[in-house]
Protein chains: 2
Amino acid sequence: MRVVVARCQVDYAGRLTAHLPMATRLLILKADGSVLVHSDGGSYKPLNWMSPPCTVREGTTEDGRVEWTVTAKAAKGATPDTLRILIDELLHDSSHDLGVDPGLQKDGVEKHLQELLAEHPGTLQEGLTLVRREFPTAIGPVDLMCRDITGISVAVEIKRRGEIDGVEQLTRYLELLNRDPLLTGKGRVRGIFAAQEIKPQARVLAEDRGIACAVVDYDALRGLDNAEDRLF
Amino acid sequence: MRVVVARCQVDYAGRLTAHLPMATRLLILKADGSVLVHSDGGSYKPLNWMSPPCTVREGTTEDGRVEWTVTAKAAKGATPDTLRILIDELLHDSSHDLGVDPGLQKDGVEKHLQELLAEHPGTLQEGLTLVRREFPTAIGPVDLMCRDITGISVAVEIKRRGEIDGVEQLTRYLELLNRDPLLTGKGRVRGIFAAQEIKPQARVLAEDRGIACAVVDYDALRGLDNAEDRLF
DNA sequence: TTTTGCATCTCGCCC
DNA sequence: GGGCGAGGTGCAAAA
């Protein structure tokens, strides 16, 4: 990895064109050829960049300044994306051998929430029992298929943040599920939209379509789980 | 901006928990307190990070190693996100004054496509004329509201890539627009789904709902525009 | 391999 | 400040 601080000007041409006027920035050249251009603010997104696979060519302009030309591997029949970095003044330049990174270990995303709710469907609605997780349909799997105390089927869609498109998704599932006589024997399939946070518009749309909303407390669910673990 | 290369171990606790085992990485501390942890590969996304606003506190562990604790500004009533970086060996450490960045100038995204189609609605369908761009409705603006040769209103949704959620969006608009007697005078409002590329599933859904699909040639439209410029 | 859907998404616009 | 849509989205699991 090469780390450079330089006064530079950057031009990108590809799916869009973008231009960065001359200013001091941090330039990172990774081992795979990818390049990042960072300023001293903003979030993790660089001002400009080139994703791998790509190649960097170091050249010199007519007036003797260094210019890097980063070229992406061209897609079939298209002009490849290019990033031109014109360097006016080099303030720092160092290279480092980082080796291969062992990678990130994550925990606590939607899958985990689904596991916890599959273990404790009763927290969504009194008496609800699990039929199966990832219940397959022609347009994709329903997160949880359950049955309520009266035997009616209940489809549960789980999101971390409940927004309007999640309600649309559940609506499509319900439309399809309600054509299946095996599921509608005891009455029309109901829907529950479960999320750690449900946006107002999503709630309105869900209620308008007769879909129940359930706000899920992740920490409390994890607590339930740990409590049971201690019993066995 | 401080640039550090170090053998380090990183732990994040917040919306999820994540752990990075001890390895050599690039650490960037920006002027606003934000921190990025990069490996020598992947794209522009860091392995781990903390977004501003946040603060960094440099401390020492019992065994004498340096540890940075990055704490995000806490959301109301929630435990704040934290990032702990334990440094085993410092391989590089330098600070640089970058100043304020003048920022990125962009050109050529969806807005431009919308402008071009607003100029040339006839390329979507013979005889189509523009009523207005960003036609307001209660659930958001319709990209283009047009009228066809028979006087029927036509709502156009424009996407760079046409996927299923775009069809859903247009469907919601049409549902609403068709309740307005001012628009339905000459017949039900029709929909056109316009994109540079339309995914098969989106096409099927659109046709199932009586929505026409239009694949847009961005370069050809730009050509039309330039040709007209030359006439005046 | 391509497609699909989530993300500690980020970012910008408009209310 | 919150909501919503777009992104040169990135990313990984599934098909």
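Just so you know, these numbers use all the heavy atoms, side chains as well, and skip hydrogens, waters and symmetry mates. In what follows, every chain begins at residue 1, and chains take the letters A, B, ... in the order their sequences are listed.
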Of the options D:dG10, C:dC6, D:dG5, whose atoms approach the side-chain atoms of B:R172 most closely? D:dG5
Choosing from D:dC11, C:dT10, C:dC6, which nucleotide comes nearest the side chain of A:Q169? C:dC6
Without hydrogens or angle criteria, can the side chains of B:Q125 and B:R190 be said to hold a donor-acceptor pair below 3.5 Å? yes
Please write out the pairs of protein N or O atoms and N or O atoms of nucleotides 2-4 of chain C separated by less than 3.5 Å, giving the distance to one decimal.
unit_1: C:dT4; atom_1: OP1; unit_2: B:Q201; atom_2: NE2; d: 3.1

Given C:dT10, D:dA6, D:dG10, identify the nucleotide with an atom nearest to the side chain of A:K45. C:dT10
In residues 49-57 of chain B, what donor-acceptor pairs under 3.5 Å come from side-chain atoms, sequence neighbours left out?
unit_1: B:W49; atom_1: NE1; unit_2: B:S51; atom_2: OG; d: 3.4
unit_1: B:S51; atom_1: OG; unit_2: A:S43; atom_2: OG; d: 3.1

Round to the nearest Å and state the distance from A:E168 atom CD to C:dG5 atom C1'. 16 Å
Round to a whole Å and report the spacing from CD of A:Q114 to P of D:dA13. 15 Å
What is the distance, to the nearest angstrom, from the NZ atom on A:K106 to the P atom on C:dA7? 8 Å
Rounded distance (Å) that lies between atom C1' of D:dG10 and atom CG of B:L36: 15 Å
Quick one about A:K106 and B:H19 (side-chain donor to acceptor, distance below 3.5 Å, no hydrogens or angles considered), yes or no? no
Within this structure, what is the NZ-to-P distance between B:K30 and C:dT10, rounded to whole angstrom? 12 Å
Rounded to the nearest angstrom, tell me the gap between atom CG in A:D81 and atom P in D:dG7. 15 Å
Heavy atoms only, 4.0 Å cut-off, all strands: where does B:M50 land among base, sugar-phosphate and nothing? nothing
Select one nucleotide: of C:dC11, D:dG10, D:dG5, the one nearest the side-chain heavy atoms of A:S43. C:dC11
Rounded interatomic separation in angstrom, taking CH2 from B:W49 and C1' from C:dC11: 15 Å
Ring geometry between A:Y44 and B:Y44 (parallel below 30°, tilted from 30 to 60°, perpendicular above 60°): tilted
Between D:dG10, C:dT10, D:dA6, which nucleotide gets closest to the side-chain atoms of B:Y44? D:dG10
Report which part of the nucleic acid B:Y12 touches: base, sugar-phosphate, or nothing (heavy-atom distance under 4.0 Å, all strands). base
Where do A:L170 and A:I192 come nearest, in terms of heavy atoms and distance? CD2-O, 3.6 Å
Atom CD1 of B:I158 and atom P of D:dG5 are separated, to the nearest Å, by 15 Å
My understanding is that only residues two or more places apart in sequence, or in another chain, count here; which of them pass salt bridge (Lys or Arg N to Asp or Glu O under 4.0 Å) with A:R209? A:E168
Rounded to the nearest 0.5 Å, what separation is found between the CG atom of A:L83 and the CG atom of A:D81? 9.5 Å
Is there a side-chain polar atom (N or O) of B:S51 under 4.0 Å from OP1 or OP2 of C:dT10? yes
